[in-house]
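Each remark here refers to the structure printed beneath this line.
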Amino acid sequence: MKIAVMGTGYVGLVTAAGLAELGHQIIGADKDAEKISRIASGRVPIYEPGLDELLAANVRKGRLSFSSDLDAVTREADVIFVCVGTPQHDDGSADMSQIEEASRLIADNLNRYKLVVEKSTVPVKTSHWIKRTIGLYKKTNTDFDIASNPEFLREGSAVSDFLQPDRIIVGVETERARDILCGIYSKFKDRLVVTNIDTAELIKHASNSFLALKISYINLISNICEKTDANVEQVAEGMGLDPRIGGRFLKAGIGYGGSCFPKDIKALVKIGEDLGVDMSLLKQADEINLDRIRVLMEKVKQALWILKDKRIAVLGLAFKPETDDIREAPSIGVIRELLREGARLRLYDPQAAENMKSLFPAEPERLEYCASPYEAAEGANAILLMTEWPEFAGLDLNKIKAALANPIMVDGRNVFEPAAVRKLGFEYYSIGRK
Ligand code: UGA
């Protein structure tokens, strides 16, 4: 059986490499010929631990190839995983034009039965539109099936998430589709959950929105902690020990970012509202998240008063550790505010600086990119921590203090222990704890 993976973004690349690793014959396809030739020559366009090696190993074993000839790939494939992008419209809804384009491509090339598996994060009911589009435009009377198989991988641990999944959701409407998809994932047969397609689609949006809600909830609690003597880390620990709650995704900070939570929660709000459902619970969670930038900025002002011409070191630009992705990163909102106030910034991130340069190009005297945290701290009036990269926890704080003009640290991710940092002579601000 030949499997095509359409789209070579995060989900597409990991799916292609992961399915090949499971032993399947995979063609990764993308209309961007230049991107395909870069990937085929081993230059992976994203930073994701273990992905380069997994792609290279499977190319070497002859199980994985890449092509930008979408017509040929579609004709050759028995199963097509649709992993194209679904970016966000201004009203929060998902832009489905790439899904439509993929559906029409499949219709044009439906030379024999094919199973079309939607893996991109899509609003509930999308598969019905894919099915209708293929049905409308197909040129032969050939059968096909649609399935939904949402992806739950996290950036930074995408490879292990794919190869050691908690669950595989298989949304199908025919026995044939179920047998094919369950066969592809037979290695994980103890973790397969078979549902109808609407359910599978909704599981994805409902899961991401719930996790986002959990984060906003603990951030809301952290606001109460800051006005009392409570410590949010301990509140989260105490709550998380109840297995009905669970301790994960209860880390207070400057809020969730990335290409998924901010987009998915807005999309689910839009879907619900279009269906006449009151979605204020999720709207509030989204608003609490946006407010995290203000909370962080208040701390910076509490420490520095006037920001104009203050030198500020910003450590961590990626939306989370172990990725170079800056999409919807909270650091962007903070940098924007700091620049608006006239601060002079010295930025550092182990992986994401290059991406940040496209949003905020270096400007002499106003915004500099630094080669290390110590260089960023040089002469700064305060240091801000925006992403909890493991290397930051291991920083030599004495060296940082010596580099800073004022020993002030605002830790937006609670990386350090307040007492320990203060003992070194820092004025230290963190989230939801004194
Ligand atoms: C998220 C989901 O966790 C995946 O299951 C899902 O497949 C993926 O979206 C997707 O839809 O493609 P991801 O966006 O890569 O994965 O990253 P997460 O680890 O979930 O973190 C998201 C954001 O929440 C980050 O900005 C992180 O810093 C923040 N976060 C996470 C917190 O602020 N507190 C926490 O306790 C956990």
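Atoms within a ligand are numbered from 1 in the order they appear, just like the ligands themselves.
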So for Gly253, does at least one of its heavy atoms come nearer than 4.0 angstrom to any atom of ligand 1?
no
>> So for ligand 1, is Thr121 a polar contact partner (N or O within less than 3.5 Å, distance only)?
In response: no
min-distance protein heavy atom vs atom 15 (O) of ligand 1 -> Glu155 N, 2.6 Å
Per-atom filter on ligand 1: closer than 4.0 angstrom to a heavy atom of Leu250 are 36 (O)
In this structure, atom 14 (O) of ligand 1 is nearest to the protein heavy atom Phe319 CE1, 3.7 Å
closest protein heavy atom to atom 5 (O) of ligand 1 is Phe152 O, 2.7 Å
The answer for which part of Thr387 has a heavy atom under 4.0 Å from ligand 1 is neither
If you scan protein heavy atoms around atom 24 (O) of ligand 1, the nearest is Tyr256 CB, 3.2 Å
Answer with yes or no whether the side chains of Tyr10 and Glu48 bring together a donor and an acceptor at under 3.5 Å. yes
Salt bridge (Lys or Arg N to Asp or Glu O under 4.0 Å) with Asp286: of Lys263, Lys266, Lys270, only one passes, and it is Lys266
Note: Leu153, heavy atoms under 4.0 Å from ligand 1, region reported as backbone
Short version for Lys204: what comes under 4.0 Å of ligand 1, heavy atoms counted, is side chain
Within 45° cone of Tyr374 ring axis and under 6.0 Å: Lys399 NZ or CZ:
yes
The answer for which part of Glu48 has a heavy atom under 4.0 Å from ligand 1 is neither
Atom 36 (O) of ligand 1 has as its nearest protein heavy atom Lys251 N, 2.8 Å
Atom 10 (C) of ligand 1 sits nearest the protein heavy atom Cys260 SG, 2.8 Å
(request) Please state whether the rings of Phe81 and Tyr185 are parallel, tilted or perpendicular, taking 30° and 60° as the class boundaries. (result) perpendicular
Under 4.0 Å from one or more heavy atoms of Asn208, ligand 1 contributes atoms 2 (C), 6 (C), 9 (O), 10 (C), 11 (O)
Exercise. Going by distance alone, is a donor N or O of one side chain under 3.5 Å from an acceptor N or O of the other, for Arg344 and Asn381?
Worked result: no
Task: Short N-O contact, Arg340 and Glu337, less than 4.0 angstrom - done: yes
shortest atom 1 (C) of ligand 1-to-protein heavy-atom contact is with Phe261 CE2, 3.5 Å
Here the atoms of ligand 1 under 4.0 Å from any heavy atom belonging to Glu151 are 7 (O)
Note: ligand 1 atoms sitting under 4.0 Å from heavy atoms of Arg413 are 28 (O), 33 (O)
- Query: Cut-off 3.5 Å, side chains only: do Glu21 and Asn58 have a donor facing an acceptor?
  - Reply: yes
Ring of Phe152, cation from Arg167 - is the NZ or CZ under 6.0 Å from the centre and inside 45° of the axis? yes
message = For Phe261 and Tyr256, take the angle between the two ring planes, folded into 0 to 90°, and tell me which bin it lands in: parallel under 30, tilted 30 to 60, perpendicular over 60.
response = perpendicular
How about Trp389 and Val415: do any of their side-chain heavy atoms sit closer than 4.5 Å?
no
the protein heavy atom lying closest to atom 31 (C) of ligand 1 turns out to be Ile215 CD1, 3.5 Å
- Does any non-hydrogen side-chain atom of Ile27 lie less than 4.5 Å from one of Val5? no
